[in-house]
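Comments concern the structure below.
Computed from heavy atoms alone, side chains included, the values below leave out hydrogens, waters and symmetry copies. Keep in mind it's a predicted model, so treat the numbers as computed, not measured.
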Amino acid sequence: MTKSKTTTITEALYDYVLAHNPPLDTVQQELVRTTLERFPDAARMQSAQEQGPLLAFLIRLCGARRVVEVGTFTGFSALAMAQALPPDGTLIACDISEEWTAYGREAWAKAGVADRIDLRLAPALDTLRAIPAEPRIDFAYLDADKGNYVAYWEELVPRLRPGGLIVADNVLFGGKVADPSAEGPAAAIKAFNDHVMADERVEAVMLTVADGLTVARRR
């Protein structure tokens, strides 16, 4: 094996990356700041700033109109994806917190995309199982409780159209997935990563973006 060419991301280099990505708009910036201020202990659950433009790019790249998000938190990722959808596009956002998603609702309204987002406050597995069991979803983003990643995956993949994409966040879990003795959520993510790698219904790549992203395409 050759030595990895991965570059260590310093704070200065991270700022450089953000400066060379599509900038966050005013509403996105405000939502990021508000989340950090109101929920400092939980703000790590917000998708990284560079992930917003990446998700939007992937939405446009595959021409998505029907999107599902599992784990919405304060709504940054949903906002970025909804803004990339065509006017008749729909994003089903799954979460269980009225408190957190209230900030998302406000931001979505400010950005003029509230009509594209169908927020469903219920256990995500219940929401996913209520979606018609046919391959109509164009794009899915998975960023919720790690213990249920495999279960969410198994509900989403059959509903993904051929050529549709599913993106899973936190697949590196702070590097703990490389620990043979990993426990708890880290062990769950390790099991999920192995599950994806063995799934012949998709072709998938794991990327070292933020805390790790897996991008999979339904065959």
What's the spacing between Arg44 CZ and Thr35 OG1 if we round to 0.5 Å?
13.5 Å
Excluding sequence neighbours, so at least two apart, what forms side-chain hydrogen bond (donor to acceptor under 3.5 Å, both in side chains) with Asp15?
none
Donor-acceptor pair, Gln51 side chain versus Ala48 backbone, under 3.5 Å?
yes
Residues pairing under salt bridge (charged side-chain N to carboxylate O under 4.0 Å, His left out) where one sits in residues 171-196, two or more places apart or in two chains, turn out to be none
Could you tell me which residues satisfy side-chain contact (heavy atoms from CB on, under 4.5 Å) with Met206, sequence neighbours excluded, listed by chain and number?
Val171, Leu172, Asn193, Thr214
All ring pair (Phe, Tyr, Trp, His ring centres under 6.0 Å) counterparts of Phe173, not counting sequence neighbours:
none
Identify, with sequence neighbours excluded, every residue that meets side-chain contact (heavy atoms from CB on, under 4.5 Å) alongside Pro22.
Pro53
With Asn170 via side-chain hydrogen bond (donor to acceptor under 3.5 Å, both in side chains) - residues at least two apart:
Lys146, Asp211
How would you list all residue pairs meeting salt bridge (charged side-chain N to carboxylate O under 4.0 Å, His left out) that involve residues 112-134, not counting sequence neighbours?
Asp118-Arg120, Arg129-Glu155, Glu134-Arg136
Residues in side-chain hydrogen bond (donor to acceptor under 3.5 Å, both in side chains) with Arg105, at least two apart?
none
Of the non-hydrogen atoms in Leu79 and Ala111, which two are nearest, and what is the gap between them?
CD1-CB, 3.5 Å
Can you sort out the partners of Ala191 under side-chain contact (heavy atoms from CB on, under 4.5 Å), two or more places apart, ordered by chain and number?
none
May I have the step-by-step check of side-chain contact (heavy atoms from CB on, under 4.5 Å) for Glu69 and Asp143, ending in yes or no?
CA-CA 8 Å; Glu69 174 181 69; Asp143 186 21; over 6 Å; no
Can you check whether Leu54 reaches Leu213 side chain to side chain, under 4.5 Å on heavy atoms?
yes
Any heavy-atom pair between the side chains of Gln46 and Phe39 that's under 4.5 Å?
no
One pair to check against side-chain contact (heavy atoms from CB on, under 4.5 Å): Thr90 and Arg66. What are the steps and the verdict?
CA-CA 5 Å; Thr90 301; Arg66 293 176 290 270; 5.5 Å; no
Within the distance-only criterion (no hydrogens, no angle test), does the side chain of Asp25 pair as donor or acceptor with the backbone N or O of Val27 below 3.5 angstrom?
yes
Any side-chain heavy atom of Leu91 sitting closer than 4.5 Å to one from Val113?
no
Can you sort out the partners of Phe76 under ring pair (Phe, Tyr, Trp, His ring centres under 6.0 Å), two or more places apart, ordered by chain and number?
none
Would you find a donor on one side and an acceptor on the other, under 3.5 Å apart, between the side chain of Arg219 and the backbone of Glu200?
yes
So does Thr72 get a backbone contact from the side chain of Asp95, meaning a donor-acceptor N/O pair under 3.5 Å?
yes
Apply side-chain hydrogen bond (donor to acceptor under 3.5 Å, both in side chains) to Tyr16 and list each qualifying residue two or more places apart in sequence or on a separate chain.
none
side-chain contact (heavy atoms from CB on, under 4.5 Å) between Trp100 and Met45, worked out
CA-CA 11 Å; Trp100 288 340; Met45 294 194 296; 3.2 Å; yes
Less than 4.5 Å apart, any side-chain heavy atom of Cys94 and any of Tyr152?
no
Full working for side-chain contact (heavy atoms from CB on, under 4.5 Å) between Val167 and Phe139:
CA-CA 8 Å; Val167 177; Phe139 189 95; 3.7 Å; yes
So do the side chains of Arg161 and Arg218 get within less than 4.5 Å of each other, counting heavy atoms only?
no
More than 12 foreign heavy atoms under 6.0 Å from CZ of Arg38: is that the case here?
no
When you measure from the side chain of Glu154 to the backbone of Ala151, do you find a donor-acceptor pair of N or O atoms at a distance under 3.5 Å?
no
Any sub-3.5 Å donor-acceptor pair from Thr10's side-chain atoms to Leu13's backbone N or O?
yes
Only one of Ile137, Leu85, Leu55 passes side chain to side chain contact (heavy atoms under 4.5 Å, CB included) with Val67; say which it is.
Leu85
Mark yes or no for whether Trp153, through its side chain, and Leu142, through its backbone, hold a donor-acceptor pair below 3.5 Å.
no
Taking only residues two or more places apart in sequence or in another chain, which ones pass side-chain contact (heavy atoms from CB on, under 4.5 Å) with Arg33?
Gln29, Glu30, Glu37
